[in-house]
Amino acid sequence: MPDEAPTQPDEAAFRPTAREMIALLTGTAGFTEHRPPARPLPPDGPLGWAGYDAARERAGARTGEEESVVYGTGVVGDRACVLLSFEFGFLGGSLGRLAGDRLAAAYELALTRRLPLLALVATGGSRMQEGMVALTQLQRVAAAATRLRAAGLPQIAVVRDPTTGGGWATVGAGADVVLALPGAQVGFAGSRVRPPDADPHAYSAEGQFAAGQVDAVVPPGELAATVTRWLRALGPHDALPAAPLPRALSAARLPETGREAVAQARDPRRPRAEAYLADHFAVRLPLHGDRCGGTDPGLLCGFGLRADGLPVAYVAQCGTPTRPAGYRAAARTIRLADRLGVPVLTLVDTPGAANDAEAERTGAGAAIADTFAAIAAARVPVTTLVIGEGGSGGALALAAPDNTHVTADSYFSVIAPDLAAAILKRPPTETGATADQLRLRPQDLLDLGFARSIVG
């Protein structure tokens with residue numbers, strides 16, 4: 001870990017100091033700094049690293065800071081929170097014992113006051129001059145974050161340039177929501193330890209977004225408003241009611257036959273998830289990716305704010321076969337909402353789970369099973385509206401037991417009727433009759449007790 005900030009920073013990246021970053025978010029609302037009890041280091045640190053004290057003195061003179069982390073309480077928009085901000089100019093924003101004290105104290109402050117934690121991260125990782133003492137600060141951060149998580153308090157990270165090493169792998173990537181500044185270097189491996197032929201895009205905010213590791217890349221001028229909306233959505237909240245049902249966006253009538261039900265659900269002119277979400281929410285805050293390197297554009301996840309201010313987490317299928325990354329993102333969203341006490345709305349619309357070889361290689365079965373488990377374990381109310389195709393277990397994984405509703409232009413079936421006919425070795429001419437036998441129409445689903453209502 002170098003003891004100096006880079007002398008020739010990337011001019012495309014936005015590199016404010018720790019306090020400038022806090023001011024960007026709190027504005028005139030103000031910030032009250034806190035400090036942990038003093039705990040001096042031995043001369044030249046725990047390793048007796050020659051020149052370490054002098055390097056700390058230079059860093060302090062250059063930045064005006066005592067350590068690489070500043071923390072305290074503040075207000076972002078209209079929401080109080082605990083903020084911690086890294087000063088990269090102080091020994092590369094690295095983590096040593098005293099920085100670990102400040103991080104642990106910030107998490108404890110959030111826990112004691114029951115406030116969200118907002119981390120503004122810019123770090124090169126653990127401080128070499130403190131050796132294993134520095135490295136074990138990552139365990140302290142992980143333990144503190146776990147306590148905050150267990151208390152139902154949200155954690156938001158804004159990753160700046162650069163965010164690498166253990167700081168990325170704990171405070172950054174370990175947050176519930178990860179926002180990144182454009183052009184920021186983001187990745188576990190810092191620029192000096194990567195393979196020489198590594199693709200630099202993979203270590204950028206934009207590359208991490210493409211890989212589903214970052215939820216949004218937000219320009220500095222939009223950051224305060226975006227963080228404010230996330231704080232409103234994530235809480236903490238008192239007990240919230242179940243998500244209201246969206247209204248039906250189609251004037252379709254109830255189908256007379258199973259074949260007609262399938263045709264209506266597969267009509268390309270039918271309203272899809274994007275239209276329902278736009279109609280239902282005043283504000284949407286997407287969660288992006290499965291945190292395992294995958295994304296599924298056919299499944300939309302996030303938190304929304306209705307016009308009345310009610311926050312609701314949403315998971316919405318877009319009419320395509322849902323991929324393993326989509327199911328993992330869905331499970332992530334549902335579990336986060338459950339931990340924070342936010343009701344969940346799922347919109348079901350898929351011909352079924354993706355069944356190609358790549359889906360099998362990337363864990364389709366396990367991802368679907370985990371989504372079933374997330375729904376089953378949820379303590380918050382989960383509400384489901386079937387807005388199109390309900391194709392087998394790939395759709396059922398997102399359906400709330402005993403709280404699923406359907407639109408007139410939807411169907412739900414153990415298997416699509418054309419596939420059922422093929423399995424039963426029936427000719428294509430019998431697909432309609434098979435659809436009738438499957439009793440997949442909205443009114444059939446109501447009669448069978450699967451659907452609670454047909455939404456008009």
Side-chain angles (χ1 to χ4, degrees), residues 212 242-246 248 265 270-277 280-281 284 286-290 294-304 312-339 342-355 359 362-407 409-416 440 442 445 450-453 455:
L245 273 170
R270 173 180 57 77
R272 305 285 169 150
E274 181 63 40
Y276 274 92
L277 294 174
H280 195 61
F281 292 113
R284 277 185 288 158
L287 290 171
H288 181 73
D290 65 354
T295 61
D296 180 359
L299 188 129
L300 304 176
C301 294
F303 282 66
V312 175
Y314 63 84
V315 176
Q317 292 170 315
C318 299
T320 57
T322 302
R323 306 202 62 78
Y327 290 113
R328 285 191 287 267
R332 172 198 168 204
T333 303
I334 294 163
R335 289 195 173 105
L336 175 58
D338 188 50
R339 179 162 58 78
V342 177
V344 177
L345 170 69
T346 66
L347 301 180
V348 169
D349 182 13
T350 180
N355 59 7
T362 53
I368 295 168
D370 195 43
T371 307
F372 270 116
I375 292 276
R379 296 158 297 179
V380 295
V382 180
T383 303
T384 297
L385 180 62
V386 185
I387 61 171
E389 291 194 78
S392 194
L396 190 66
L398 288 175
D402 303 320
N403 196 23
T404 290
H405 307 258
V406 295
T407 61
D409 50 356
S410 69
Y411 80 86
F412 219 120
S413 177
V414 64
I415 190 170
L440 48 71
L445 300 172
F450 172 75
R452 289 185 60 180
S453 74
V455 175

Donor-acceptor contact present, side-chain [X] to main-chain [Y], <3.5 Å:
{"X": "Asp296", "Y": "Ala325", "value": "no"}
{"X": "Thr384", "Y": "Ala400", "value": "yes"}
{"X": "Thr362", "Y": "Pro324", "value": "no"}
{"X": "Thr350", "Y": "Thr320", "value": "yes"}

Under the side chain to side chain contact (heavy atoms under 4.5 Å, CB included) rule, collect the residues that match up with Ala374, sequence neighbours excluded.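 Ala374: side chain to side chain contact (heavy atoms under 4.5 Å, CB included) contacts with Ala331, Ile334, Arg335.
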Once side chain to side chain contact (heavy atoms under 4.5 Å, CB included) is applied, do any residues pair with Pro246, and if so which ones, sequence neighbours excluded?
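Counting only residues at least two positions away or on another chain, Pro246 forms a side chain to side chain contact (heavy atoms under 4.5 Å, CB included) with Tyr276, His280, Leu345, Leu347, Leu385.
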Answer yes or no: is there a side-chain heavy-atom contact under 4.5 Å between [X] and [Y]?
{"X": "Ser453", "Y": "His405", "answer": "yes"}
{"X": "Tyr327", "Y": "Leu299", "answer": "no"}
{"X": "Cys318", "Y": "Leu300", "answer": "yes"}
{"X": "Arg452", "Y": "Asn403", "answer": "yes"}
{"X": "Thr295", "Y": "His288", "answer": "yes"}
{"X": "Ser410", "Y": "Asp349", "answer": "no"}
{"X": "Val406", "Y": "Phe412", "answer": "no"}

Test side chain to side chain contact (heavy atoms under 4.5 Å, CB included), reference Val382, set Val315, Ile375, Thr404, output is Ile375
Given Phe450, which partner from the list Asp402, Leu445, Leu440 fulfils the side chain to side chain contact (heavy atoms under 4.5 Å, CB included) test?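 Testing each of Asp402, Leu445, Leu440 against Phe450, the sole residue satisfying side chain to side chain contact (heavy atoms under 4.5 Å, CB included) is Leu445.
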Run Arg270 and Glu389 through salt bridge (Lys or Arg N to Asp or Glu O under 4.0 Å) and show every step you take.
CA-CA 11 Å; Arg270 173 180 57 77; Glu389 291 194 78; 5.7 Å; no
Between Ala273 and Ala316 the two heavy atoms that sit nearest each other are CB-CB, 3.8 Å
